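Bear in mind that the values here come from a model prediction, so they are computed numbers and not experimental data.
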Amino acid sequence: MRRVARTRLSSIWIAAAALLALGACDGAEVATPEHPADTAFSGAIFTAVDFDDLPGWRDDALGEAVGAFVVSCAKFDTLPADRALGPDPRSGRVGDWQLVCDRAQDLSVSAPAVDDGAARALFENQFRPYRVASPHGGSGKFTGYYEAELRGARARSGRYRVPIYGPPDDLVAASGGAAAAVPYADRNAIEAGYLDGRDLELLWVDDPVDAFVLHIQGSGRVILDDGTVVRVGYAGNNGHGFVAIGRLMLDRGLIGPEDANMPAIRAWLRANPVEARLLMAENPRYIFFREIVGAGPIGAQGVALTPARSLAVDRAFLPLGAPLWLDTTWPGEDGKPLRRLMVAQDTGSAITGAVRGDFYWGSGAEAFELAGRMNQPGAYYILLPIAVAERLEPTS
């Protein structure tokens, strides 16, 4: 039975990597003649492996991952079966994925919680794993992002004085996108009152630093005084280039390399409000929002993200909706393994390369700390449906 997908409402932007604009290092291993089954496309290498080759495969709570994958399946259900899933032909056609989705959907509706053993059998019986690598060598890079959380109100007051704007009607969007085709008023002008009196305020929040972080994230939860949660998502930008204030702070000696992470940067901005206002104004890019009704936040695939199971990837190399076995380490845990089944459900402007991921941690203070400190080496493996894998195998 085919199920209807949620409508795409917004795309999540990356977190600490965007704030700092630190360099990315993608890639994993080099193709060699010793692997005749290896195939290359657009710089990515897929190497066939066994499930027993996936580090920690037997230790993950795979039942949790079924739910995240089924959310992507709902999106596949709305697409033509003969459509290519992505630019890489090795990803197969939508119909290949719909077949395995039927099995996953049947399993997810059979019980309130999917048994880990049943989930493992599903993935092992329906998929084949491939290590994803870049011909450039080196390890992959994994950062983290989260859903910003703010305190706010529907009306301006003495406490809530920072506006969250919807897009103005004279913002001329570029064809096919929500960015302004002609640069609109910059951050300085907007914060000086350029949009006053136009009734564009969706909400008012209490912290200009948190509002700035919301612009970096592109999505967030605003908690009202009565406990109501209002979700907002990206609806457009003013067409100006992004300036990373974290990089400015490093270059000017305001923070040291050991503090080049989002929690430390936010703490500095809050402790130095006058300097913070001037510094944030050096980023002319301004984001406009819209309210999101229902589950969220919404990733680039157009589905709700699942904390600790959704991964942002470079869709030039990997198809959205594909399960990925992640092999990296916990941020700040001295090499403690972080290995689990993720689903590629989002993208990000700094998430580029064959082995590059952004780990969605969810919302709240703990998610903020983990996302802001994550900058780990690692690798991942894509799980392809058996029908797709059989077409990749060499013929004798």
May I ask you to decide whether [X] forms a salt bridge with [Y], counting only side-chain N to carboxylate O separations under 4.0 Å?
X    : Y    : value
D207 : R270 : yes
D60  : R120 : no
R391 : D96  : yes
D206 : R159 : yes
D226 : R154 : no
R58  : D52  : yes
R103 : E124 : no

[X] and [Y]: which non-hydrogen atoms are nearest, and at how many Å?
X    : Y    : answer
G321 : Q301 : CA-NE2, 3.6 Å
N237 : L171 : O-CD1, 3.7 Å
E201 : P163 : CG-CB, 3.9 Å
P168 : L195 : CB-CD2, 4.3 Å
V100 : P385 : CG1-CB, 3.9 Å
L324 : A344 : CD1-CB, 3.9 Å

Would a single hydrophobic cluster contain both [Y] and [X], if residues Ile, Leu, Val, Met, Phe, Trp and Tyr are joined by side-chain heavy-atom contacts under 4.5 Å?
X    : Y    : value
V94  : L384 : yes
V49  : V132 : yes
Y160 : V213 : no
I190 : W204 : no
L54  : V66  : yes

Side chain of [X], backbone of [Y]: donor and acceptor closer than 3.5 Å?
X    : Y    : value
Q345 : V71  : no
E147 : S219 : no
R93  : A81  : no
N375 : T143 : no
D327 : A379 : no
D358 : A350 : no
N238 : A185 : yes
D53  : D50  : yes
R187 : N283 : yes
W268 : A276 : no

Task: Partners passing side chain to side chain contact (heavy atoms under 4.5 Å, CB included) against V162 (at least two apart in sequence or in another chain) - done: V205, P208, A211
TODO: Return the set of residues passing side chain to side chain contact (heavy atoms under 4.5 Å, CB included) with R128 (not counting sequence neighbours), or none when no residue passes.
DONE: Y130, I386, A389
Could you tell me whether the side chain of [Y] reaches within less than 4.5 Å of the side chain of [X], counting heavy atoms only?
X    : Y    : value
M374 : T328 : yes
Q105 : D102 : yes
R266 : V209 : yes
L341 : L383 : yes
R198 : Y165 : no
V355 : F142 : yes
L214 : V232 : yes
D225 : R151 : yes

Nearest 0.5 angstrom please: [X] [atom1] to [Y] [atom2], how far?
X    : Y    : atom1 : atom2 : answer
M249 : D251 : CE    : CG    : 11.5 Å
L318 : T347 : CG    : OG1   : 12.0 Å
L254 : N272 : CG    : CG    : 8.0 Å
R131 : I45  : CZ    : CD1   : 10.0 Å
F242 : I287 : CZ    : CD1   : 9.0 Å
E282 : I245 : CD    : CD1   : 9.0 Å

Task: Modelled atom types, side-chain donor and acceptor of D170 and Y184, under 3.5 Å - done: yes
Open item on the list: Counting the benzene-type ring for Trp, do H215 and Y286 have ring centres under 6.0 Å apart?
Closed with: yes
Open item on the list: For F51 and F123, I'd like to know if the aromatic rings sit close, meaning centre-to-centre distance below 6.0 Å.
Closed with: no
- [ ] Might you confirm whether atom CG of D199 has over 12 heavy atoms from other residues, nucleotides or ligands at distances under 6.0 Å?
- [x] no
Open item on the list: Are there over 12 heavy-atom neighbours, none belonging to E366, within less than 6.0 Å of that residue's CD?
Closed with: no
TODO: Would you check, one step at a time, whether the test ring-ring contact (aromatic ring centres under 6.0 Å, His included) holds for Y145 with Y360?
DONE: CA-CA 5 Å; Y145 68 116; Y360 175 60; 5.4 Å; yes
Open item on the list: Is the ring pair Y146/F368 parallel, tilted or perpendicular, if the boundaries are 30 and 60 degrees?
Closed with: perpendicular
- [ ] Could you check Q376 against L338 for side chain to side chain contact (heavy atoms under 4.5 Å, CB included), going step by step and ending with a plain yes or no?
- [x] CA-CA 10 Å; Q376 319 296 116; L338 175 57; over 6 Å; no
Open item on the list: Would F288 and L200 count as a side chain to side chain contact (heavy atoms under 4.5 Å, CB included) here? Give the steps.
Closed with: CA-CA 10 Å; F288 304 106; L200 293 172; over 6 Å; no
TODO: For the pair L250 and D259, evaluate side chain to side chain contact (heavy atoms under 4.5 Å, CB included) and give the outcome as yes or no after the intermediate values.
DONE: CA-CA 9 Å; L250 279 171; D259 292 323; over 6 Å; no
TODO: Start with the C-alpha distance between F317 and R356, add both sets of side-chain angles, then the distance that settles side chain to side chain contact (heavy atoms under 4.5 Å, CB included), and finish with yes or no.
DONE: CA-CA 10 Å; F317 297 94; R356 178 72 173 91; over 6 Å; no
